[in-house]
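Below is one structure, written out as structure tokens; the observations come after it.
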Amino acid sequence: MGPILCQGRWSTGKTVSILRIGLELTKHGFTSYYLDLADDIAGQEESILKDYLNKILEKFNSEKNVFIIDNVHLFPEQTHQIAQWAIKIKCNCIFVGRPLSQLNSKRIIFTTRFI
């Protein structure tokens, strides 16, 4: 599957839609993990974020696991680094957040395949 980016304005149903996809994927033998950067990383320094996500993704990465990472717009630089890593190792990540083009930061470039 590889990395997927889901972007949209606030309160448009991105999270609910992606969680439903995660539930649907479990019917096809996948395990879905949900990480909300607004809650899970709140109060931590940005420098900790990349290590935190790398450890989780490396520990649980397999072709039958999907990581849904929500609110990626809060940490655009670190998300860009994680996305590049996910592309390199073909990690099944779904990044969810508001459009990064509204921020002064790098845009995440994805090569995506949909199942």
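We're numbering straight along the sequence, starting at 1.
The main-chain N or O of Arg9 is found under 3.5 Å from a side-chain atom of Lys14 such that the two form a donor-acceptor pair. A donor-acceptor contact shorter than 3.5 Å links the side chain of Ser17 to the backbone of Gly13.
The two atoms that bring Cys93 and Ala86 nearest to each other are SG-CB, 4.0 Å, heavy atoms only. Between Phe95 and Ala83, the shortest heavy-atom contact is CZ-CA, 3.8 Å.
With values rounded to the nearest 0.5 angstrom, Ser62 atom OG is found 8.5 Å from Phe30 atom CZ. Separation of atoms CD1 (Ile94) and OG (Ser32) is listed at 7.0 Å; rounding is to 0.5 Å. Going from atom CG of Asp36 over to atom CD1 of Ile69 covers 11.0 Å, rounded to the nearest 0.5 Å. How far CZ of Arg98 is from SG of Cys6: 13.0 Å, rounded to the nearest 0.5 Å.
Counting heavy atoms from C-beta outward, Leu23 and Leu19 have side chains that stay 4.5 Å or more apart. When side chains are defined from C-beta on, Val72 counts as touching Leu37, because their heavy atoms get closer than 4.5 Å.
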Next on the checklist: Is there a side chain to side chain contact (heavy atoms under 4.5 Å, CB included) between Tyr34 and Asp70? Walk through the geometry before answering.
Outcome noted: CA-CA 8 Å; Tyr34 176 77; Asp70 202 355; 2.7 Å; yes
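For the side chain to side chain contact (heavy atoms under 4.5 Å, CB included) criterion with Asn92, the lone passing option out of Leu25, Ile4, Ile68, Val66 is Val66.
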